[in-house]
Amino acid sequence: MRWINRKPDHVSQIILALLSFMIILVVYTLTSQARLAVNPSDKLMPAISKIIETAGRLIFEPDKRSGEILFWKDSLVSLVRICIGIIIAGVSGLFFGMAIGMIPYIRAALSPLVKVISVVPPLALLPIMFIALGLGETSKITLIVIGVTPFIIRDLIARVDEIPVEQIVKAQTLGANTFVIAKSVVLPQIMPRLVSAIRLSLGPAWLFLIAAEAVAAEAGLGYRIFLVRRYLAMDVILTYVIWISFLAFVMDWVLRKTSENLWPWMESKS
Amino acid sequence: MSFVSVRNLYQKYGNRPILERVNFEAGEGEFVSIVGASGCGKSTFLRLLLAQEIPSKGVISIAGAEPAKEPSLDRGVVFQRYSVFPHRTVLQNLVAVFAMKNSLGMLSRSEKKDAENAAMTALERIGLAHMKDQYPSALSGGMQQRLAIAQALLAKPKILLLDEPFGALDPGTTANMHDFLLELHDETKMSVFMVTHDLEEGFKLGNRLLVFDKPRWDPDFPDAYGATITFDLDTNQDKSTIDHIRETSNVQ
């Protein structure tokens with residue numbers, strides 16, 4: 001039988017999935033042990049027990065100077081930044097994506113501009129934002145918005161274009177004006193697409209957040225890992241990296257479930 | 001003054017003529033079938049009737065009104081596909097007929113009640129009452145087209161335009177749909193224009209049949225001339241011409 005036709009059953013799927021994780025864990029543990037055997041104070045690859053111990057300390061023990069648990073403070077600060085950024089990007093992306101996609105005059109005016117903006121690397125704009133908007137929250141959130149919105153706009157324009165023209169004509173023969181077509185035909189069909197565009201944008205959004213925090217911040221997940229880098233605190237960095245990955249995963253999962261629950265007709269359509 | 005009047009109609013796409021010198025009059029309540037080979041402009045003609053396109057020259061007037069610039073409540077339409085809204089249930093698709101007319105797309109509570117009652121009556125008429133809470137994707141092709149026709153008729157248009165409405169259905173379903181459409185036409189006495197590539201279907205459903213074809217043909221420049229109406233028949237009297245049309249106009 002050809003390999004393209006052989007399919008693992010449910011149990012072997014789980015085993016195979018776990019296997020790849022186990023291999024990385026085992027290789028890490030062995031390498032770490034070998035390094036620690038040579039130099040017990042090696043900081044580059046701390047033992048897994050050390051990472052767990054550090055994670056426990058980070059999560060439960062307050063900072064001696066400020067009395068706050070920095071781990072939770074960093075998480076809260078970063079999550080607020082990324083959520084505000086994503087919400088602004090999503091709302092403006094939806095508005096401009098629909099307007100450009102539906103109305104030829106707005107398309108003529110804005111579509112070239114969006115294309116040009118979307119080729120500017122957002123991180124190259126970071127210094128401008130720090131100069132123009134200061135080092136506070138605004139510049140970090142703006143970076144996320146500028147980095148993500150053009151993609152969402154362009155994706156939604158394409159999704160609006162995909163709506164069969166028959167539906168738009170049909171709505172007109174039922175007496176719908178432009179606003180009603182936007183509200184009753186385009187918007188409901190574009191909402192699930194907005195959620196999937198946001199899901200695809202989460203990766204870049206985290207990238208921009210961590211980059212902005214690394215350059216200038218007083219708290220935040222990105223700020224912390226770049227701060228402790230100076231002390232080669234790999235145990236702290238790894239804990240934060242795992243935590244950031246987990247947060248990104250949860251955000252994606254919540255968006256996916258929301259979409260499935262709100263728009264059941266999407267599932268049966270595809 | 002006839003109900004639908006088409007005078008000296010030309011349509012060009014760029015430099016390519018599609019239709020030329022189309023003249024046509026139809027009375028109220030006629031069922032006009034439009035046939036022709038593919039690329040002969042019959043769908044273009046339907047889009048012009050629908051006012052989805054504006055003719056390069058000439059005038060289309062319906063019920064004595066000014067020529068339309070865009071689709072409106074006067075014209076109902078059913079396409080081969082995508083005629084119903086996939087994000088609305090069967091019932092909501094019919095309620096939309098009443099809601100979309102409103103400039104905010106909304107209905108008051110009592111209007112909504114009335115709309116749902118009218119929609120349910122229509123669903124019972126077309127035999128889809130048991131599917132009212134399903135999304136269109138759960139319906140068969142024939143059911144979707146029945147829903148689309150009911151949706152178009154519920155808006156009470158002056159003319160109903162059908163663009164190959166049964167083109168995507170299997171033969172058994174198509175025969176049922178023919179009966180369904182003829183019954184509806186008897187009940188409503190609606191003026192209907194139906195484009196089809198199937199000459200038999202055109203004869204069976206229409207009481208009048210238009211054949212679109214290119215009267216002039218340059219073998220070196222197939223696009224040099226547009227198409228026009230080459231036959232305009234009463235289907236009750238001219239059954240014998242069906243073979244003649246087949247031979248001269250390459251339609252099936």
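In what follows, chains are A, B, ... by sequence order, proteins preceding strands, each numbered from 1.
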Should we say atom CH2 of A:Trp253 is surrounded by more than 12 heavy atoms from elsewhere, each under 6.0 Å from it?
no
What part of B:Arg81 gets closer than 4.5 Å to chain A, counting heavy atoms only: side chain, backbone, both or neither?
backbone
Tell me if the CZ atom of B:Arg16 is crowded by more than 12 foreign heavy atoms within 6.0 Å.
no
Toward chain A, the part of B:Ala152 with a non-hydrogen atom under 4.5 Å
both
Hey, mind stepping through A:Val165 and B:Phe79 against side-chain contact (heavy atoms from CB on, under 4.5 Å) and telling me if it holds?
CA-CA 10 Å; A:Val165 66; B:Phe79 297 102; over 6 Å; no
Given a strict heavy-atom distance threshold of 4.5 Å, which part of B:Leu161 is in contact with chain A: side chain, backbone, both, or neither?
neither
Are there more than 12 heavy atoms of other residues, nucleotides or ligands under 6.0 Å from atom CZ of A:Arg6?
yes
Within a radius of less than 6.0 Å around CZ of A:Phe95, do more than 12 heavy atoms belonging to other residues, nucleotides or ligands occur?
no
For residues 90-106 of chain B against chain A, heavy atoms under 4.5 Å, the residues are B:Val97, B:Met100, B:Lys101, B:Asn102, B:Ser103, B:Leu104, B:Gly105, B:Met106
At their closest point, which heavy atom of B:Val77 faces which heavy atom of A:Lys170, and how far apart are they?
O-NZ, 3.1 Å
CD of B:Glu187: more than 12 outside heavy atoms within 6.0 angstrom?
yes
Measure across A:Gln167 and B:Tyr82 and return the closest heavy-atom pair with its distance rounded to 0.1 Å.
CG-O, 3.4 Å
Over 12 foreign heavy atoms within 6.0 Å of CZ, A:Phe96:
no
Quick check for you: to the nearest 0.5 Å, what is the distance between B:Gln80 atom CD and A:Glu166 atom CD?
9.0 Å
Using a cut-off of 6.0 Å, state whether more than 12 heavy atoms not belonging to B:Asn15 lie near its atom CG.
no
Chain B shares the most heavy-atom pairs under 4.5 Å, among A:Ile181, A:Val185, A:Asn177, A:Thr173, with A:Thr173
When you look at NE2 of A:His10, are more than 12 heavy atoms from neighbouring residues, nucleotides or ligands closer to it than 6.0 Å?
no
One should read off an interatomic distance between B:His87 NE2 and A:Ile163 CD1, to the nearest 0.5 angstrom, of 8.5 Å
May I ask you to name which of B:Ser83, B:Ala51, B:Gly76 has the most heavy-atom pairs under 4.5 Å with chain A?
B:Ser83
